[in-house]
Amino acid sequence: MHRINRRDFLRYSGFAGFSLLTGGIGAILEGCTIHSTKTPKSFVTPLIVPDTAGPLALYKPDSETFKIEAGTAKLKIVNEKESLLNVYKIKHQEKTLINPTILVQKGQELRVTLENGLSEDTIIHWHGLMVEDKMDGHPAYAIKPGERYEYKFKVKNRGGTYWYHPHPENLTAKQAYKGLAGILLVEDEEELQLRQSLELELGKNDIPLVIQDKRFDQAGNILYNPDDMEKIMGFHGNKVLVNLTLNPLLKVAKKFYRFRILNGSNARIYCLSLHSEQRRDFIPIYLIGTDGGLLDKPYKINKFFISPGERADILVDFTSFNTGEELFFKSLAFDPMDNEDAENMDNMGMQHDSLKAGEEINILKIVINRETEKTFKIPQNLSSLKPINIKDSLTRKFRLSFTGKQWQINGQTFNISQFPVIVKKHSKEIWEIANDKKSMPHPMHLHGFMFQVLQRLNSPKQVQDLAIDQSGRTAMDLGWKDTVLIWPGETVRIAIDFTHDFTGDQVYLFHCHNLEHEDLGMMLNLKVKE
Ligand code: C2O
Ligand code: CU
Ligand code: CU
């Protein structure tokens, strides 16, 4: 179990936000707890939701090729100032869709032309989609400014919340931070059934929430200037946006709402929960899906960790609240376990005006503002999930460690022409990923395949507290995953089925989704051999 020692105390107390932590040091020990029930008045900006144009606009591609441009756009985010962002743009019926929410059917064939309107190399990676390597956005396929890349692939994934973002070597963190990221929703039968049974409507009561922390300069532009220490720790912003909205407010009716949450931050981990100032208590959250779509049934939880790259599909029942009642999505204070034992980690992040890792943050204000006539029951069966048959499977071990300069996987960093992990197509493997004690949390992500989390071992107390079964798994570990958070000292075992029907060897990636870590080389090629 993790304990706060004197050094940590000094470190924490040096943080600007320490006075907010009214519970003091004892409360930090708890991990993932609420300290301040006071909520700010500043949350008045209407939350941007998918509409017909603008940020996150809904786009349903047909069978034709559509063009997506990586370019720039100006958006008013901070104090009416125009922020220059890097964004994905689709022109559709005279309108410009920015970082569109792309809605596709399972089985649909997608044809996309990426046009690089940036001043540096880029490539799109479809995070979570099982596509052949040429379509996966491996940095080897990055294109130069002005060039185009043609994607053509079939969507084989289950219904669920996926996303797309850049993946050029050494430039992923910067480009994603400057705004390049969008949601891709896959629909299938089970997904539609759920939507029907609760009358969920995209953009109305079925809302993606893309949570991203960013830093802005005086002019309102996004600042991405990590120093050496921030490259090692990951770059944290000083403002948290939801759907590119600062201090967002959402007015809801008294019914079920679905939120499809993506942690699209470069490095920040959130411990999300929902609170009412009046009730001074957690409001139940029903976790119904994770990275790769729906779970078998809803899981009622109070709070959950979500790390960069992960998705959480949740339902909240607002029926029993009073009109006028105010709720807050918060990230609770927790121990970020940022390598506190490593000597050279002292003073990390203290020189900057940023929200510290693990600090309590208000994310989204929700106001109940209208009645509804109909009432609904939450369905008890959502899907059926088949465990991967791991009988006689090989166990492959990975160790996450720090050299004093950079993060490594099995003592290695990324080399685009080396293939340190070679697996056999159609084989099933168990991966045992162990994070050093002198480390920090790493959200480990696999391209090309979804996996299942089998077990968590030696978890810190704040993770053990969230365990829902004997294997130490939390609700967020259930279902099909492509990203799993591994805490210092912890070992996580996952099962992967390397079955696919692409011909020829395929090259994917296994990497940390702390994007500064990825760019520093905490990434390995994975070759799937015929
Ligand atoms: Cu979302 Cu290789 O990453
Ligand atoms: Cu990915
Ligand atoms: Cu990492």
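Whatever order the structure lists ligands and atoms in, that order sets their numbers, starting from 1.
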Grab the two heavy atoms, one from S265 and one from D213, that are nearest each other, plus how far apart they are. CB-OD1, 3.3 Å

NE2 (H511) to atom 2 (Cu) of ligand 1 to NE2 (H167) angle, given to the nearest 10 degrees: 110°

What N, O or S atom of H442 is found closest to the Cu ion (ligand 3)? ND1

Of all the N, O or S atoms in H517, the one nearest to the Cu ion (ligand 3) is ND1

Report, rounded to 10°, the angle at atom 1 (Cu) of ligand 1 between the two atoms NE2 (H513) and ND1 (H127). 100°

Crowded around K152 NZ? As in, over 12 foreign heavy atoms under 6.0 Å? no

Would the number of heavy atoms belonging to other residues, nucleotides or ligands and lying under 6.0 Å from NZ of K425 be above 12? yes

Hey, does the Lys NZ or Arg CZ of R111 hover above the aromatic six-ring of Y151, less than 6.0 Å from the centre and inside 45° of the axis? no

If I take every N, O or S atom of C512, is at least one of them less than 2.8 Å from the Cu ion (ligand 3)? yes

Atom 1 (Cu) of ligand 1 contact by H165, N, O or S atom under 2.8 Å: yes

Could you tell me if E310 and S307 have a donor-acceptor pair between their side chains, going purely by distance under 3.5 Å? yes

Using the ring-ring contact (aromatic ring centres under 6.0 Å, His included) rule, pick out the option among H513, H127, H447 that qualifies with H167. H447

Could you tell me whether any N, O or S atom belonging to H125 is less than 2.8 Å from atom 2 (Cu) of ligand 1? no

